[in-house]
*Asks:* 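Before I ask anything, let me first share the structure, which is written out below as structure tokens.
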Protein chains: 2
Amino acid sequence: MSTDTPAAGPVSGARSLPHPAREEIRLAQVLHALADPMRLRIVCALAAAEGELNCADIELPVSKSTCTHHFRVLREHGVIQQFYRGTAKMNGLRRADLEALFPGLIDGVLRAAGLQERRLGEL
Amino acid sequence: MSTDTPAAGPVSGARSLPHPAREEIRLAQVLHALADPMRLRIVCALAAAEGELNCADIELPVSKSTCTHHFRVLREHGVIQQFYRGTAKMNGLRRADLEALFPGLIDGVLRAAGLQERRLGEL
DNA sequence: GCCGTACTACGATGCCTATCGTATGAACGT
DNA sequence: ACGTTCATACGATAGGCATCGTAGTACGGC
């Protein structure tokens, strides 16, 4: 069901996006990737979507270039996977990989983010 | 039994160290504080010690000034508490506060750090 | 009162990063 | 084939940060 072939298959044919392999992912880098309100928002949105999201589906109060930058940071640090589908770039959390490496971590962060958002009204 | 009075009582009398109140602690800042190998090591050591540790009790491959810097970042972001005892400065994890704000987060990070350390031989 | 110890403060440096605007490339629909 | 839409790349900028060395300050012991 085409769940994910992140590092292997160039889905659309031309543009390829480098992803770190599972063993390459480092805790400090994941935490660093998550330690930005904008990126935390992206990750929460992806988690809530439970699937793939278009880049433009996530509204952020920053410019497009900055948005691209944040998505790239998340991808290069192993938090999300990206692939092209036509002109759109789809994004998805790398839940399986993260769960295998750091069980419970992502859920903890997501829950913490939800709690704080409910507590403060914003992230 | 003098467990902790972090924000209130200057224990030793003269030097006071500013700590954020529990409500001031922000998830992104905590993650940022943890997103550094050196600081991650500090936090792991404090968690293992289950109590207070002298600054010098944690061996780090950096200079003393840098060490001070990392401890300050951890304190100002609400991850640890510090107070003076004589000439020594004691450090402790703010487990209760962090657990109240982000239940399970710290344990998840600590476990992830342990797993990665076991996997790679280092942090 | 003096000295040693422990940590801090300050200044410097070089790197990383979050942000932007503009120009470019890739795919889709007509 | 052409234009539109989506995202990228590149260059620039400003701020933050990890690191260091040196000088200074607070506390405890002699």
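Convention: sequence-line order gives letters A, B, ...; per-chain numbering from 1. Heavy atoms only: backbone and side chains are in, while hydrogens, waters and symmetry mates are out.
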*Asks:* Nucleotide by nucleotide, 5' to 3', does protein get under 4.0 Å of the base (B), only the sugar-phosphate (S), or neither (-) in nucleotides 9-18 of chain D, counting heavy atoms?
*Replies:* B-------SS
*Asks:* Please determine, for the side chain of A:Lys64, which listed nucleotide (C:dC7, C:dC20, D:dA7) has the closest atom?
*Replies:*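 The listed nucleotide nearest to A:Lys64's side chain is D:dA7.
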*Asks:* Holding to salt bridge (Lys or Arg N to Asp or Glu O under 4.0 Å), I want the full list of residues that pass it with B:Asp107, two or more places apart in sequence or in another chain.
*Replies:*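 Testing B:Asp107 for salt bridge (Lys or Arg N to Asp or Glu O under 4.0 Å), a comparison that skips the adjacent residues, returns B:Arg95.
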*Asks:* Identify all side-chain donor-acceptor contacts of residues 108-121 of chain B below 3.5 Å with residues at least two apart in sequence or on another chain.
*Replies:*
from: B:Arg111; atom 1: NH2; to: A:Pro103; atom 2: O; distance (Å): 3.3
from: B:Gln116; atom 1: OE1; to: A:Leu27; atom 2: N; distance (Å): 2.8

*Asks:* Does B:His69 have any side-chain contact (heavy atoms from CB on, under 4.5 Å) partners at least two apart in sequence or in another chain, and if so, which?
*Replies:*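 Expected list: B:Arg39, B:Val73.
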*Asks:* Can you see if the side chain of B:Thr87 gets near the phosphate of C:dA6 - specifically, an N or O under 4.0 Å from OP1 or OP2?
*Replies:*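 Looking at the OP1 and OP2 atoms of C:dA6, neither is under 4.0 Å from any side-chain N or O of B:Thr87.
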*Asks:* Is the backbone N or O of A:Leu53 less than 3.5 Å from a side-chain atom of A:Asn91, with the two atoms forming a donor-acceptor pair by type?
*Replies:*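 Checking the backbone N and O of A:Leu53 against the side chain of A:Asn91, a donor-acceptor pair under 3.5 Å is found.
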*Asks:* Quickly work out the B:Leu17 CG to D:dA26 C1' distance and round it to whole Å.
*Replies:*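 It is 12 Å, rounded to the nearest whole Å.
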*Asks:* Taking atom P of D:dG28 as reference, at what distance in whole Å does atom CZ of B:Arg85 sit?
*Replies:*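 Whole-Å distance recorded here is 12 Å.
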*Asks:* Please report the distance, rounded to the nearest Å, between CG in B:Asn54 and P in D:dG28.
*Replies:*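 Atom CG in B:Asn54 sits about 14 Å away from atom P in D:dG28.
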*Asks:* Would you please name every residue forming a side-chain contact (heavy atoms from CB on, under 4.5 Å) with A:Ser65, sequence neighbours left out?
*Replies:*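 A:Ser65 satisfies side-chain contact (heavy atoms from CB on, under 4.5 Å) with A:Ser63 once adjacent residues are dropped.
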*Asks:* Can you measure B:Leu53 atom CG to C:dA6 atom P for me and round it to whole angstrom units?
*Replies:*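 Atom-to-atom, B:Leu53 to C:dA6, this comes out as 15 Å.
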*Asks:* What pairs with A:Arg22 under side chain to side chain donor-acceptor pair (under 3.5 Å), at least two apart in sequence or on another chain?
*Replies:*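 Listed in chain order: A:Asp97.
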